[in-house]
Amino acid sequence: MIQYIADRDHYTHVLQRCAAVKHDLWIGTADLKDLYVGKGTKVEPFLAVLDRLLKQGVEVHLLHAKEPGENFRADFDRYPGLWNRLERRLCPRVHFKIMIFDCATAYIGSANLTGAGIGMKGEGNRNFESGILTDEPHLVDAAADHFDSVWRGDHCRSCKRKDFCGDRIG
């Protein structure tokens, strides 16, 4: 399967897929803001979804480029389970937007982990985004290898942006 994802489909086909992950969820994003998802007739922070996944034993890796804003941090503080179980790394060079679901499906595209990018904002308020959702092994493996090379810090030794790195990986 290779599916083109545009605009609101990011919320319905990509972000909502996170809640169904059973083993591993890898999220790579440049920008990270408070992001809300629907839960029945209510909304909740996406961080509540991540908290539930972690409690179920899912490994969640979050790789992002800059520190999130104060609204995200306030939501984060409401979920103490995230403090020690969410594996998070910061690399100022990350600009890719990749999500890997159970090492079997990948989203590769333009949407950041923000309300306007991948969240539930209305059509007149959201960004124009595009990407692909795929379970093609060669594409999933390539995206996972790219994510993992940054996660492990493979590029840190030769990086020329160390002065901007507040959370060195390698």
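Looking at heavy atoms from C-beta onward, Arg8 lies in side-chain contact with Met120 at the 4.5 angstrom threshold. Looking only at side-chain heavy atoms (C-beta outward), Arg78 and Pro45 come within less than 4.5 Å of each other. Residues Leu54 and Val58 are not in side-chain contact: their nearest non-hydrogen atoms beyond the backbone lie 4.5 Å or more apart. Side-chain contact between Val150 and Arg93 is absent, with no heavy atoms from C-beta onward closer than 4.5 Å. Using a 4.5 Å heavy-atom cutoff, the side chains of Ile27 and Leu63 are not in contact. Proximity of Val60 to Asp24: side-chain heavy atoms (C-beta onward) are nowhere separated by under 4.5 Å.
Of the possible polar contacts, none joining the Asp34 side chain to the Asn71 backbone as a donor-acceptor pair under 3.5 Å is found. Between the side chain of Arg126 and the backbone N or O of Gly119 there is at least one donor-acceptor pair closer than 3.5 Å. Using a distance-only test at 3.5 Å, with no hydrogens or angles considered, a donor-acceptor pair links the side chain of Thr134 to the main chain of Met1. With hydrogens and angles ignored, the 3.5 Å screen pairs a side-chain donor or acceptor of Asp7 with a backbone N or O of Glu129. Between the side chain of Asp102 and the main chain of His23, a donor-acceptor pair closer than 3.5 Å is present. Distance alone, capped at 3.5 Å, is enough to place a donor-acceptor pair between the Ser110 side chain and the Ser130 backbone. Within the 3.5 Å criterion, the main-chain N or O of Trp151 finds a donor-acceptor partner in the side chain of Arg89. Looking only at distances, a side-chain donor or acceptor of Lys97 sits under 3.5 Å from a matching main-chain atom of His95.
Of all the heavy atoms in Ala65 and Val94, the pair that sits closest is CB-O, 3.2 Å. Between Ala111 and Gly117, the closest heavy-atom pair is CB-O, 3.6 Å.
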task = Verify side-chain contact (heavy atoms from CB on, under 4.5 Å) between Arg85 and Lys55, making sure each step is shown before the conclusion.
result = CA-CA 9 Å; Arg85 287 188 293 217; Lys55 287 176 180 170; 3.5 Å; yes
task = Could you please spell out the steps behind the side-chain contact (heavy atoms from CB on, under 4.5 Å) verdict for Arg17 and Thr105?
result = CA-CA 10 Å; Arg17 180 179 291 266; Thr105 306; 4.0 Å; yes
task = Carefully, step by step, assess Val49 and Val37 under the rule side-chain contact (heavy atoms from CB on, under 4.5 Å).
result = CA-CA 9 Å; Val49 174; Val37 296; 3.8 Å; yes
inquiry  = Please determine whether side-chain contact (heavy atoms from CB on, under 4.5 Å) holds for the pair Ile100 and Leu25, giving the CA-CA distance in whole Å, both sets of side-chain angles, and the decisive distance to 0.1 Å.
reply    = CA-CA 6 Å; Ile100 310 286; Leu25 175 61; over 6 Å; no
request  = Evaluate the salt bridge (charged side-chain N to carboxylate O under 4.0 Å, His left out) criterion for residues Asp77 and Arg73: first the C-alpha distance (whole Å), next the side-chain angles of each, then the deciding distance (0.1 Å), finally the verdict.
outcome  = CA-CA 6 Å; Asp77 289 344; Arg73 289 193 308 269; over 6 Å; no
message = Could you go through Thr29 and Asn112, starting from their C-alpha distance and side-chain angles, then the distance that decides it, and tell me whether this counts as side-chain hydrogen bond (donor to acceptor under 3.5 Å, both in side chains)?
response = CA-CA 5 Å; Thr29 184; Asn112 281 305; 3.1 Å; yes
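A single hydrophobic cluster is not seen to contain both Phe147 and Phe101; linkage of ILVMFWY side chains at heavy-atom distances under 4.5 Å, directly or through other members, places them apart. Linking ILVMFWY side-chain heavy atoms closer than 4.5 Å, directly or via other members, places Ile132 and Phe96 in two distinct hydrophobic clusters. Linking Ile, Leu, Val, Met, Phe, Trp and Tyr whenever their side-chain heavy atoms come within less than 4.5 Å leaves Val14 and Leu139 in two separate clusters. Grouping the Ile, Leu, Val, Met, Phe, Trp and Tyr side chains by contacts below 4.5 angstrom, directly or via other members, places Leu35 with Met99. Under the 4.5 Å side-chain contact rule for hydrophobic residues, Trp83 and Tyr79 share a cluster.
Using modelled atom types and a 3.5 Å distance limit, the side chains of Asp9 and Tyr4 yield no donor-acceptor pair. Side-chain contact check for His61 and Arg88: no donor-acceptor pair (N or O, by modelled atom type) lies under 3.5 Å. The closest side-chain donor-acceptor pair between Thr114 and Asp31, if any, does not fall under 3.5 angstrom.
With values rounded to the nearest 0.5 angstrom, Glu136 atom CD is found 11.0 Å from Asp141 atom CG. Going from atom CD of Glu59 over to atom CG of Leu86 covers 11.5 Å, rounded to the nearest 0.5 Å. Annotation: the span from Phe46 atom CZ to Phe72 atom CZ amounts to 9.0 Å, rounded to 0.5 Å. To the nearest 0.5 Å, atom NE2 of residue His13 and atom CG of residue Leu133 are 8.5 Å apart.
Counting heavy-atom neighbours within 6.0 Å of Glu123 CD, excluding the residue itself, gives a total above 12.
Looking at residues two or more places apart in sequence or on another chain, you find a side chain to side chain donor-acceptor pair (under 3.5 Å) between Glu44 and Arg52.
Residue Phe76 is tested with Leu50, Asp51, Leu47 for a side chain to side chain contact (heavy atoms under 4.5 Å, CB included); the sole match is Leu47.
Ring-centre distance between Tyr107 and His10: below the 6.0 Å cut-off.
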